[in-house]
Amino acid sequence: MDETASPTEHEHTRTGLSVDALHRALLDNLFYVVGRFPAVATQQDYYRALAFTVRDRLLHRWLRTVQTYKAERSRTVCYLSAEYLPGPQLGHNLLALGISDNAGEAVRRAGLELEDLIEAEAEPGLGNGGLGRLAACYLDSLATLQLPAIGYGLRYEYGIFRQRIDEGWQVEVADSWLRDGNPWELRRPHIAFEIRLGGHTERYLDAHGHSRVRWVGGELIRGVAYDTPIPGYGVYNSNLLRLWAAEATESFDFGSFNAGDYQGAMRRKIRSETVSRVLYPNDEPETGKRLRLLQGYLLVSCSLQDMLRIHLGSGDSLDRFHQRFVVQLNDTHPAIAVAELMRLLLDEHGMRWDPAWELTRRTFAYTNHTLLPEALEKWPLPLFEETLPRHLEIIFDINQCFLDEVRIRFPHDDALATRLSLIDETGPRYVRMAHLACVGSFSINGVARLHTGLLTDTVLRDFHALWPERFNNKTNGVSPRRFSNLSNPGLCALLSRVAGPGWAADAERLRLLEPYAHQPEIYPEWRRIKLERKRALARYIAAQTGVAVDPESMFDVQVKRIHEYKRQHLNVLHIIALYSRIKMDPALDPVPRTFVFGGKAAPGYAMAKLIIKLIHSVGEVVNRDPAVRDRLRVVFVPDFNVKVAQRIYPAADLSEQISLAGKEASGTGNMKFALNGALTIGTLDGANVEIREEVGPENFFLFGLTSAEVDALKRSGYCPYGCYRENPLLREAIDLLAEGLFSHGDRDLFRPLVDHLLHRDDYMLLADFQSYVDCQDRVDRAFRDADSWTRMSMLNVARMGRFSSDRVVQEYCRDIWRLEPVTIRP
Ligand code: 26W
């Protein structure tokens with residue numbers, strides 16, 4: 001697209017928003033772009049034709065936005081993230097443009113249903129879980145708040161694997177989301193940068209006699225930009241998601257080809273492209289994977305080179321770079337950016353060390369998303385030296401200056417210097433990426449109040465002692481557009497009636513619902529909306545799993561990545577206990593419950609995969625046992641992703657947020673459930689603490705140890721076997737599991753899990769078991785009183801405004817990014 005061309009020429013044919021204009025454009029694009037005519041076109045074809053039709057309407061907003069930001073040299077935040085989970089785009093973009101109804105009518109006129117076209121879209125699964133989805137919610141809020149922003153990421157050819165379940169076991173299937181092309185992206189061949197890998201460095205004197213370094217040798221690969229528009233909701237702004245794809249500098253090595261080495265001719269091309277081939281499917285790091293280091297470097301180097309291109313291209317001077325751009329590091333995955341900006345300033349732009357360092361640490365801000373020690377990325381020095389030799393030199397120099405400063409402020413405290421060092425010298429040497437991020441950033445934040453507190457008390461305690469002023473909390477939020485308007489239009493219509501149509505861009509207005517929570521006349525409508533979503537989910541579950549669930553039962557839902565700290569297996573222990581209580585006392589009449597699970601396990605995480613098998617195995621027995629099957633049902637919804645999540649959150653009655661206190665940094669599913677009227681059963685962990693404060697303790701089912709009690713019990717010596725011995729119900733549940741009741745008598749299948757619980761139980765399931773069971777009994781009693789449950793459900797929604805991602809983005813803006821909104825006029 002030529003940025004100088006004035007937009008008006010094509011206004012009416014390619015920008016009309018009326019039913020007629022959309023219908024005509026749909027058929028035009030079906031024929032001229034997709035190359036199909038109605039008689040033979042498939043739903044996929046019509047989806048692509050409609051996508052191009054909507055994209056045309058977005059391009060104009062995007063162009064105006066880019067031109068305005070450029071003309072005004074707007075201060076811009078660049079969000080550097082290795083992961084994005086934007087979800088399906090069609091419905092979201094129609095909502096943002098405010099043309100969902102017109103498009104629905106235009107599609108109906110072509111003889112199809114908009115729903116089906118929306119269903120046809122393969123979502124970009126460029127992330128693992130919370131961190132990736134949060135990035136997408138933030139881009140949505142930045143555009144909606146008219147804040148100049150660029151989301152930088154990687155265009156993985158294969159995203160997070162598709163999850164198929166085979167005999168109860170997870171099977172990973174490659175996610176070829178680009179197979180049918182991606183109508184929402186624009187390849188930008190003219191926005192491409194070379195990056196070097198390997199090689200060595202050479203010192204030389206430049207023309208001014210200054211000692212400089214050049215990095216030579218190794219291999220070069222290219223990063224090419226693919227741009228996707230991110231439209232704001234109800235505003236004209238459309239920001240940018242720029243994803244880099246790796247390519248060979250030479251797409252074909254003629255030399256090898258002429259020498260008859262045909263493989264060789266392609267080898268470099270294939271090698272280069274491998275860098276952005278696939279997303280790492282782990283949401284806990286595994287050290288030492290070279291490709292992962294290359295991915296981080298490709299993302300960072302292309303993004304910083306692009307920012308410098310834009311900055312210098314606008315005639316601005318290098319020393320004002322940090323005034324034009326602020327860069328948010330989404331966890332440590334892009335932390336190499338600190339060393340890369342120094343390299344670009346020193347080696348490519350001839351800046352001296354001190355001004356370069358001053359500029360660098362005034363550019364970056366770092367967000368930490370996990371406390372799990374094993375999750376703090378560190379790279380073996382030899383790998384770093386071999387792959388990024390110049391960066392290792394710069395990291396050593398940064399470390400030198402840093403430790404000098406530490407020793408001046410804390411003389412004689414060598415232990416502190418060792419703990420703070422960017423280099424872990426305790427054993428084999430590693431580069432500590434979290435330390436590089438902290439030293440190179442002016443702001444360090446956690447993602448929930450408890451998490452930030454634990455960060456400053458534990459893993460980053462020494463940095464907090466050094467620079468308390470850099471630390472701040474930014475409690476996560478979620479996009480109401482994606483997780484209410486788009487997922488739950490029925491509820492959204494009611495909310496627009498009581499809180500006004502614009503509530504989704506001003507979520508605090510949900511408070512206007514509060515008085516209605518005390519007026520029973522609205523309760524039937526509220527319950528009808530929930531029941532409709534539950535029926536829709538029941539249909540989806542039947543289609544996906546063959547299991548019939550009763551929409552009238554309580555939908556008790558736990559959907560998130562499978563991980564021991566999230567304790568899906570504690571949920572299963574409760575189900576087994578409830579099952580055996582009913583079997584032992586048929587008079588026990590618990591409210592009928594459907595336990596819904598969903599989530600992917602990292603392919604190499606055996607215990608997580610065993611937990612998925614356990615859920616299916618318990619479901620198999622419970623779902624076909626005549627003694628309980630009309631009161632208990634257990635289902636696992638496969639391939640949990642953003643699209644599936646949009647079906648599940650609106651249909652939930654109870655939201656399971658049962659992680660061991662101190663382990664879940666924040667959680668964001670907890671917010672999406674409550675925003676859709678589900679009540680939460682949870683521990684005082686992550687953002688649960690703040691959700692409970694907002695909705696009121698009386699509208700939240702709390703159980704379990706606090707993080708302080710967890711520490712105390714750990715310190716005093718935790719004996720899980722003791723819990724087993726002293727609690728008959730717990731013993732019964734574990735014994736049933738150990739005896740093979742859920743594994744056709746095979747005692748070996750779940751032995752690893754049983755042994756771990758009885759002898760290690762790192763995540764204290766047994767310690768929290770009775771408190772959890774008692775709490776679930778309270779839930780059971782509460783659900784029987786439909787009106788009080790409905791009141792609590794409405795009060796949860798009314799008090800969730802604070803957890804809109806708009807609120808937290810405004811806080812980032814106020815405390816860290818210091819951006820001014822820029823209104824784009826049509
Ligand atoms: C290197 C592999 C890897 C990949 C992803 C390590 C760590 C991660 C992420 C930090 C894991 C993640 O997604 N963390 C989640 O981030 C959410 C958004 O802030 C929080 O709400 C969750 O509590 C946190 O687990």
Side-chain angles (χ1 to χ4, degrees), residues 79-85 125-138 153-154 156 159-160 278-296 299 328-336 366-379 433-434 437 445-452 454-455 459 473-479 559-567 599-605 608 657-673 682-683 685-691 707 763 803 805 808-809 812:
Y79 203 82
L80 255 54
S81 181
E83 303 187 16
Y84 287 95
L85 281 172
L126 308 178
N128 280 284
L131 172 138
R133 179 58 230 178
L134 187 84
C137 282
Y138 283 4
L154 289 173
Y156 303 106
I160 188 72
V278 61
L279 167 81
Y280 269 88
N282 316 299
D283 60 353
E284 298 312 328
E286 66 299 311
T287 49
K289 290 278 186 307
R290 182 172 185 278
L291 195 53
R292 201 178 156 84
L293 182 60
L294 302 187
Q295 289 184 342
L299 162 61
Q328 192 70 34
L329 301 175
N330 200 20
D331 214 275
T332 56
H333 315 145
I336 188 69
Y366 159 54
T367 300
N368 172 286
H369 294 267
T370 181
L371 281 167
L372 301 178
E374 72 271 16
L376 296 177
E377 283 190 304
K378 50 184 191 174
W379 290 104
M433 299 313 277
N445 76 280
V447 291
R449 199 177 65 230
L450 175 69
H451 169 62
T452 302
L454 292 170
L455 263 184
V459 278
N473 176 56
K474 296 289 175 283
T475 297
N476 283 166
V478 298
S479 162
V559 288
K560 52 187 71 217
R561 286 295 296 247
I562 311 296
H563 198 289
E564 288 164 278
Y565 85 79
K566 295 173 186 281
R567 302 202 294 187
K600 294 173 180 175
Y605 191 175
Q657 307 300 331
I658 63 174
S659 54
L660 178 64
K663 298 298 178 190
E664 189 69 84
S666 163
T668 44
N670 44 12
M671 300 164 188
K672 298 159 189 172
F673 277 112
T683 53
D685 195 17
N688 295 357
V689 175
E690 293 158 75
I691 291 173
S707 59
Y763 299 102
F803 300 100
S805 45
V808 59
V809 162
Y812 273 95

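Numbers for residues simply follow the sequence, beginning at 1. Ligands are counted one by one from 1 in listed order, and the atoms in each one are counted from 1 as well. Fair warning: this is a prediction, and the values are worked out from it, not measured in the lab.
Shown here for Glu83 and Ala135, the closest heavy-atom pair between the two residues is O-CB, 3.8 Å. Of all heavy-atom pairs spanning Gly446 and Asn473, the tightest one is O-OD1, 3.5 Å. Pairing each heavy atom of Tyr366 with each of Ala437, the nearest pair is CG-CB, 3.7 Å. Phe803 and Asn476 get closest at one heavy-atom pair: CD2-O, 4.2 Å. Tyr156 approaches Ala82 most closely through the heavy-atom pair OH-O, 2.6 Å.
The shortest N/O to N/O separation between Val447 and ligand 1 does not fall below 3.5 Å. Note: an N/O pair closer than 3.5 Å links Asn476 and ligand 1 by distance alone. Not one N or O of Asn128 is nearer than 3.5 Å to an N or O of ligand 1, by distance alone. Between Gly129 and ligand 1, no pair of N/O atoms sits closer than 3.5 Å. Between Arg292 and ligand 1, no N or O atom pair is found at a separation short of 3.5 Å. Checked by distance only, ligand 1 and Glu664 come closer than 3.5 Å through their nitrogen or oxygen atoms. In terms of N/O distances under 3.5 Å, ligand 1 is not approached by Glu377.
Using a 4.0 Å cut-off between heavy atoms, Thr367 makes no contact with ligand 1 at all. Under 4.0 angstrom from ligand 1, the non-hydrogen atoms of Glu83 all belong to its side chain. Residue contacts with ligand 1, taken as heavy atom pairs separated by less than 4.0 Å, involve Asp331 solely via side-chain atoms from C-beta onward.
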(request) Any chance you could lay out the side chain to side chain contact (heavy atoms under 4.5 Å, CB included) test for Tyr280 and Leu291, step after step, and finish with the verdict? (result) CA-CA 9 Å; Tyr280 269 88; Leu291 195 53; 3.3 Å; yes
(request) For side chain to side chain contact (heavy atoms under 4.5 Å, CB included), just list the numbers for Ser666 and Met671, CA-CA rounded to whole Å, side-chain angles, deciding distance to a tenth of an Å, and then say yes or no. (result) CA-CA 10 Å; Ser666 163; Met671 300 164 188; 3.8 Å; yes
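Taking a 4.0 Å cut-off on heavy atoms, Arg561 fails to register as neighbouring ligand 1.
For atom 21 (O) of ligand 1, the nearest non-hydrogen atom from the set Gly667, Gly130, Ala687 belongs to Gly667.
Within ligand 1, the atoms closer than 4.0 Å to a non-hydrogen atom of Tyr565 are 25 (O), numbered from 1 in the order shown. Residue-ligand proximity, Ala665 to ligand 1, at heavy-atom distances under 4.0 Å covers atoms 23 (O).
Side-chain contact between Tyr138 and Val808: present, with at least one pair of heavy atoms (C-beta onward) separated by less than 4.5 Å.
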